[in-house]
Amino acid sequence: MAKVLTTKEENYSQWYNDIVNKADMAENSSVRGCMVIKPYGYAIWENMQHILDGMFKKTGHSNAYFPLFIPKSFFSKEASHVDGFAKECAVVTHYRLKNSPDGKGVIVDETAKLEEELIVRPTSETIIWNTYKNWIQSYRDLPLLINQWANVVRWEMRTRLFLRTAEFLWQEGHTAHATKEEAIEETQKMINVYSDFAENFLGIPVIIGTKSDSERFAGAIDTYCIEALMQDGKALQAGTSHFLGQNFAKAFDVKFTSKEGQLEYVWATSWGVSTRLIGALIMAHSDNNGLVLPPKIAPIQVVIVPIYKTDEEQIRVVNKGKELKEQLEKIGLTVKLDDRDTHKPGWKFAEYELKGIPVRIAIGPRDIENKTIEIARRDTLEKISISSENISDYVLNLLDEIQKNIFNKAKLFREKSTHRIDSYDEFKVAIENGGFFEAHWDGTAETEAKIKEETKATIRCIPLNTSNEEGFCMVTGKPSKKRVIFARAY
RNA sequence: CGGGGUAUAGCGCAGUUGGCUAGCGUAUCUGCUUUGGGAGCAGAGGGUCGCAGGUUCGAGUCCUGCUACCCCGACCA
């Protein structure tokens, strides 16, 4: 087979770029830092949206839409929030263009300056809480459980397709609650939804935890996150859920009258996942033959490739393919029959491997003679010939097995790459090979900064579901209540 | 914003001390043969050589300025 991909071993970043490109998911646009998501990549995003949206609805949330532009003054209302985003905001200053005097194109009309500049949203807390002020008066208005699917802009210095782009797509949930307990419960509920989604649909094992002070979302009291490990040993934050306390309620003066008749500030949460998950999906599972998609997220689950020589064979084989497609669609699968005569079977095999389609079925004249089909699975690249009778159940089981296998493989990799470590000297050496490191930390920002400075590793999270094993900070020797996860991160 | 690099066909690249009609691979189109792992042969189309100046009989090649992109740092979901 002709080599079209850089291998992971040769150059991991190039391998990633090659997959995005060859699987036809996205490309760089002529706008600096902004990508074009191509149909196949967008179809993956649509599947993610569909599944997540169902999960949000099931947990009582409704969708709404808030403006792309946010008045500059809104941003200064919550101090730490400004600090967090000020350095990466796109700002709209004018609202009109005019013809250039030299006749060459258009220029900004300086007379059309905005009274107040507008910020292209890097996230929507401010505009949303400004709006919630009008929506919330009484405890009867709570909880308010809203989600929006939107694009946001963060003016990044260096960008990579899906992982970090100036504009990206995401969903952001923004909820308002009467009590602190209820808001914390919501924050945790949503990080669990994300974890469920990542593990059971994307097949990516994640660690749920909270962020340290320095990694926390600008304006949050607590940031919960799910952290995943990529195949190069680097960590990737796959989703976050924030307990915002009353910070935004106070900044935007959102109060409600409680059952007891008291005027109180509202408690808030926000949570989001982005198109970055597509990057996670690629880096968690794919191999040197291309993308590997878990069946539950794959835009096409089964592809059928007819093989023939003569016109007569073509008709017979394609008809058989159509029959098979209908049969599989009847049990709810998404199936593509590639009956294009413009490409050869070998070309198609390679193509669908690059695109990560979980199951490929080939039917040729020999199969029709023998009443068989050839079935190949993408995760293991195994190919077997089976009877064409009753294949629905076989395919259904196979997809299920592939889904599980992809997850298990990723989980095994993570287990192999997770190390308990107590010596900072050993840590400095071991971090070079990547992976998660469970280590004791004294809880101070200074120690965290020192580690980051010296090793480029950061605290990915303080995991929730682990035992509170006491110990001593690997750097300072001061007491520590539990181990935290260190890694180099995307 | 610092340091380095690149800019020639859709994509990837070559182009010598300045030289005549700017080339190769791949992709595209046509035809024939092919089709169970990215087919072969024959032919065809496709270029303001990043932009603007300059030197020269002559510039893809030399000089000056600009712009864009890539890599490495600081910053980040």
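Labels below follow one simple rule: chain letters A, B, ... track the order of the sequence lines, proteins then strands, and each chain is numbered from 1.
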Q. Thinking salt bridges, do A:K320 and A:E313 make one under a 4.0 Å N-O criterion?
A. no

Q) Any ion pair linking A:E185 and A:K189 (charged N to carboxylate O, less than 4.0 Å)? A) no

Q: Select base, sugar-phosphate, or nothing to describe what A:D367 touches, counting heavy atoms under 4.0 Å on all strands.
A: base

Q.
Quiz question: by atom type and distance under 3.5 Å, do the side chains of A:S387 and A:E389 form a donor-acceptor pair?
A. no

**Q.** Side chain of A:E353 - closest among B:rC75, B:rG36, B:rG37
**A.** B:rG37

Q | Toward the 5' end of RNA chain B, by each residue's nearest nucleotide, A:D341 or A:G239 | A | A:D341

Protein-nucleotides 27-33 of chain B N/O pairs under 3.5 Å:
none

Q: Round to the nearest Å and state the distance from A:E125 atom CD to B:rA77 atom P.
A: 13 Å

Q. For A:F217, which contact category applies under a 4.0 Å heavy-atom criterion: base, sugar-phosphate, or nothing?
A. nothing

Q. Rounded to the Å, how far apart are A:Y352 OH and B:rG37 P?
A. 17 Å

Q.
At 4.0 Å (heavy atoms only), tell me whether A:L236 reaches a base, stays on the sugar-phosphate, or touches nothing.
A. nothing

(Q) Base, sugar-phosphate or nothing for A:T165? Non-hydrogen atoms, less than 4.0 Å. (A) base

Q | Touch class at under 4.0 angstrom, heavy-atom based, for A:I373 against every strand present | A | nothing

Q) Between A:H81 (side chain) and A:A218 (backbone), is there a donor-acceptor pair under 3.5 Å? A) yes

Q: Report yes or no: do A:D341 and A:Y308 form a side-chain donor-acceptor pair below 3.5 Å?
A: yes

Q: Considering only NZ, NE, NH1 and NH2 on the basic side and carboxylate oxygens on the acidic side, decide whether A:E353 and A:R360 come within less than 4.0 Å.
A: yes

Q. When we call it a touch if two heavy atoms are under 4.0 Å apart, what does A:R366 touch: a base, just sugar-phosphate, or nothing?
A. base

Q: Grab the CG-C1' distance between A:N11 and B:rC70 for me, whole Å please.
A: 13 Å

Q. Ion pair present between A:E27 and A:K38, side-chain N to carboxylate O less than 4.0 angstrom?
A. yes

(Q) Quick check: on RNA chain B, is the nucleotide nearest A:G84 upstream (toward 5') of the one nearest A:V31, or the reverse? Name the residue that is more 5'. (A) A:V31

Q) Could you give the CE-to-C1' distance, from A:M230 to B:rA77, as a whole number of Å? A) 13 Å

Q | Heavy-atom closest pair, residues A:F162 and A:T165 | A | N-CG2, 4.1 Å

Q. Can A:D232 and A:Y16 be counted as having a side-chain donor-acceptor contact under 3.5 angstrom?
A. no

Q: Give one of base, sugar-phosphate or nothing for A:E156, where a contact means two heavy atoms less than 4.0 Å apart.
A: base

Q: Identify, residue by residue, the members of residues 302-313 of chain A with a heavy atom below 4.0 Å from RNA chain B, and return them in order of residue number, or none.
A: A:I307, A:Y308, A:K309

Any protein N or O atoms within reach of nucleotides 72-74 of chain B? Criterion: under 3.5 Å, listing atom names and distances.
from   : atom 1 : to     : atom 2 : distance (Å)
B:rC72 : OP2    : A:R158 : NH2    : 2.2

**Q.** Polar side-chain atom of A:D379 near backbone of A:I406 as donor-acceptor pair, under 3.5 Å
**A.** no

(Q) Taking any heavy-atom pair under 4.0 Å as a contact, classify A:K22: base, sugar-phosphate, or nothing. (A) nothing

Q: Just compare B:rA77, B:rG38, B:rA39 and give me whichever is closest to any side-chain atom of A:L354.
A: B:rG38

(Q) As a test of reading the structure: which of B:rC75, B:rU34, B:rG37 is closest to the side chain of A:K87, going by heavy atoms? (A) B:rC75

**Q.** Carboxylate-amine/guanidinium contact A:K98 A:E110, below 4.0 Å
**A.** no

Q: Return the value, rounded to whole Å, for the distance between atom CD1 of A:I363 and atom P of B:rU35.
A: 19 Å

Q. A:W347 stacking on B:rG37: centroids under 5.5 Å, ring planes under 30°?
A. no

Q) Any salt bridge between A:D287 and A:R378, counting N to O under 4.0 Å? A) yes

Q: Return yes if a side-chain donor-acceptor contact under 3.5 Å exists between A:T7 and A:E10, otherwise no.
A: yes

Q.
By the 4.0 Å heavy-atom rule, please label A:R360 as base, sugar-phosphate, or nothing.
A. base

Q: Would you mind reading off the distance between A:Y224 atom OH and B:rA77 atom C1', rounded to a whole angstrom?
A: 19 Å

(Q) Counting only side-chain heavy atoms from C-beta out, which of B:rA77, B:rG36, B:rC69 sits nearest to A:S274? (A) B:rA77

